[in-house]
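Note: hydrogens, waters and symmetry copies are ignored here, and every other heavy atom, side chains too, is used.
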Number of protein chains: 2
Amino acid sequence: MQFDRCESQCIHEEAVAAVSGKMLSGEEAQSLADTFKTLADPNRVKIIFSLMHQELCVCDLAAVIGASDSAVSHQLRMLRNQKLVKFRREGKILYYSLADEHIDTLLKQGLKHISHSKEWAARFLEFI
Amino acid sequence: MQFDRCESQCIHEEAVAAVSGKMLSGEEAQSLADTFKTLADPNRVKIIFSLMHQELCVCDLAAVIGASDSAVSHQLRMLRNQKLVKFRREGKILYYSLADEHIDTLLKQGLKHISHSKEWAARFLEFI
DNA sequence: TGTTCATATGAGCACTTGTTCATGTATTTA
DNA sequence: TAAATACATGAACAAGTGCTCATATGAACA
């Protein structure tokens with residue numbers, strides 16, 4: 001492949017070749033990164049965490065996480081684009097909920113990693 | 001609680017109270033966000049993905065993901081700080097590997113979410 | 001129809017992120 | 001000890017993010 005593009009002398013050629021053969025494409029890595037990026041903000045984490053318990057409208061979410069309606073609406077757009085949440089309309093009110101159960105698992109897996117270093121994380125894993 | 005801080009009129013009070021009682025603190029939400037933020041970059045995703053297959057040194061990683069040694073080193077620091085990777089020294093060379101098996105699961109869970117909309121993701125889930 | 005309310009959206013701005021480039025550090029080897 | 005190698009780090013800068021504020025949309029109701 002393009003070993004010549006590498007600037008270093010220390011390459012283990014077989015290892016590099018083996019892993020390169022299985023590597024994600026740039027676009028694939030970007031998609032995965034975008035998925036995690038969606039959960040890479042404390043307010044969005046709080047939104048997902050809230051919706052794990054029950055569906056909520058925009059201003060309920062704003063009240064729960066302590067942000068403005070507008071800020072929450074902006075974040076919800078991102079969560080919608082990444083298909084992490086869905087909504088149903090009832091008159092003027094939009095009720096948001098998680099798009100599927102994988103989101104739930106994804107957040108729990110994050111908590112599981114944190115529980116290695118922080119005690120509080122283990123507590124949440126018991127109750128959700 | 002601090003319902004008076006909310007700017008809206010549409011609050012479902014019981015729902016907000018119920019969820020508020022279980023809500024993550026700001027610090028806790030930040031820790032969770034930081035965990036996901038660590039995987040929110042395509043080059044870091046590629047690094048983790050590489051290390052799922054085998055341990056690699058810094059310049060191997062640079063060759064595999066197509067970035068400079070320096071860029072990779074900067075990213076590895078972040079992955080180290082968040083305890084996603086560990087390393088062992090052998091002479092001048094540092095061999096990096098995943099810190100534990102939860103990282104593996106975390107990335108797979110991301111792939112599982114993507115596989116809802118992208119076919120390629122399902123293929124990776126079969127082989128890793 | 002006009003008003004109100006719940007939510008969405010665009011512009012603008014402070015802050016953050018990821019890279020490059022130059023330099024520093026630690027280990028091996030001459 | 002001096003030079004070379006593998007990696008780390010700091011500064012600096014372009015690009016991206018998340019908020020606020022002002023405005024738009026769309027549904028209900030008088």
Side-chain angles (χ1 to χ4, degrees), chain A residues 5-12 15-16 26 29-30 33-48 55-82 85-97, chain B residues 5-12 15-16 26 29-30 33-48 55-82 85-97:
Chain A
R5 288 207 301 163
C6 178
E7 59 197 24
S8 307
Q9 271 75 15
C10 75
I11 295 185
H12 305 77
V16 170
Q30 185 68 61
D34 287 342
T35 295
F36 290 112
K37 193 179 297 185
T38 310
L39 289 169
D41 172 83
N43 278 346
R44 287 195 295 274
V45 164
K46 285 184 176 182
I47 289 174
I48 297 296
E55 68 171 9
L56 291 167
C57 74
V58 175
C59 58
D60 286 346
L61 283 168
V64 167
I65 77 178
S68 71
D69 288 3
S70 178
V72 170
S73 189
H74 277 294
Q75 302 292 25
L76 284 171
R77 175 165 48 165
M78 181 168 184
L79 294 170
R80 253 163 26 217
N81 289 343
Q82 287 296 320
V85 302
K86 60 185 196 301
F87 63 91
R88 65 182 178 88
R89 176 181 285 279
E90 199 167 291
K92 286 178 283 194
I93 300 177
L94 299 184
Y95 291 95
Y96 279 86
S97 54
Chain B
R5 286 208 301 164
C6 179
E7 59 197 26
S8 307
Q9 270 75 13
C10 75
I11 295 185
H12 305 76
V16 170
Q30 185 67 60
D34 287 343
T35 296
F36 291 112
K37 195 178 297 184
T38 311
L39 289 169
D41 173 84
N43 278 345
R44 288 196 296 274
V45 164
K46 285 184 175 183
I47 289 174
I48 298 296
E55 69 171 10
L56 291 167
C57 74
V58 176
C59 57
D60 286 346
L61 283 168
V64 167
I65 76 178
S68 72
D69 288 3
S70 179
V72 170
S73 189
H74 277 294
Q75 301 292 23
L76 283 171
R77 175 166 48 166
M78 182 169 184
L79 294 170
R80 254 164 23 219
N81 289 343
Q82 288 294 321
V85 302
K86 61 185 194 304
F87 63 91
R88 68 182 178 85
R89 176 181 287 277
E90 198 167 293
K92 287 177 283 196
I93 300 178
L94 299 185
Y95 290 94
Y96 279 85
S97 55

Listed by chain and number, what are the side chain to side chain contact (heavy atoms under 4.5 Å, CB included) partners of A:Ala29, not counting sequence neighbours?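 By the side chain to side chain contact (heavy atoms under 4.5 Å, CB included) rule, A:Ala29 matches A:Leu24, B:Pro42, B:Val45, B:Lys46.
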Partner residues of B:Gln82 under the side chain to side chain contact (heavy atoms under 4.5 Å, CB included) criterion, sequence neighbours left out: B:Asp34, B:Thr35, B:Thr38, B:Leu84
Rounding to a whole Å, what distance do you find between [X]:[atom1] and [N]:[atom2]?
X       : N      : atom1 : atom2 : answer
B:Ile65 : C:dG18 : CD1   : C1'   : 12 Å
A:His12 : D:dA6  : NE2   : C1'   : 11 Å
B:Asp69 : D:dT9  : CG    : C1'   : 14 Å
B:Asp34 : C:dT17 : CG    : C1'   : 13 Å
B:Ile93 : D:dT5  : CD1   : C1'   : 9 Å
A:Phe87 : C:dA6  : CZ    : P     : 17 Å
B:Arg77 : C:dT17 : CZ    : C1'   : 13 Å
B:Asp60 : D:dA6  : CG    : C1'   : 11 Å

Would you check if B:Val72 and B:Asn43 make a side-chain contact, meaning some heavy-atom pair closer than 4.5 Å? no
Any B:Tyr95 side-chain nitrogen or oxygen under 4.0 Å from OP1 or OP2 of D:dC7: no
Do any side-chain nitrogens or oxygens of B:Tyr96 fall under 4.0 Å of OP1 or OP2 in D:dA6?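 So the side chain of B:Tyr96 is outside the cut-off, no N or O lying under 4.0 Å from OP1 or OP2 of D:dA6.
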So which nucleotide does C:dT19 pair with, by the Watson-Crick or G-U wobble rule with both distances under 3.5 Å? D:dA12
Between A:Phe87 and A:Tyr96, what is the ring plane arrangement, given parallel below 30°, perpendicular above 60°, and tilted in between? tilted
Could you state the interatomic distance from CG (B:Asp60) to CG (B:Asp69), rounded to the nearest 0.5 Å?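 The CG atom of B:Asp60 sits 10.0 Å away from the CG atom of B:Asp69.
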Working to the nearest 0.5 Å, report the span between CG of B:Leu76 and CG of B:Leu61. 6.0 Å
Base contacts versus sugar-phosphate-only contacts with protein, heavy atoms under 4.0 Å: please encode nucleotides 15-23 of chain D as B, S and - from 5' to 3'. --SSSBBB-
Going by side-chain hydrogen bond (donor to acceptor under 3.5 Å, both in side chains), name the residues that satisfy it together with A:Arg88, two or more places apart in sequence or in a different chain. A:Glu55, A:Glu90
B:Cys57 versus B:Tyr95, closest heavy-atom pair with distance: N-CD2, 4.1 Å
Output one line per pair: protein atom, nucleotide atom from nucleotides 25-30 of chain C, and distance, for all N/O pairs under 3.5 Å.
none

Show me the pairs that pass salt bridge (Lys or Arg N to Asp or Glu O under 4.0 Å) and involve residues 72-81 of chain B, at least two apart or across chains. none
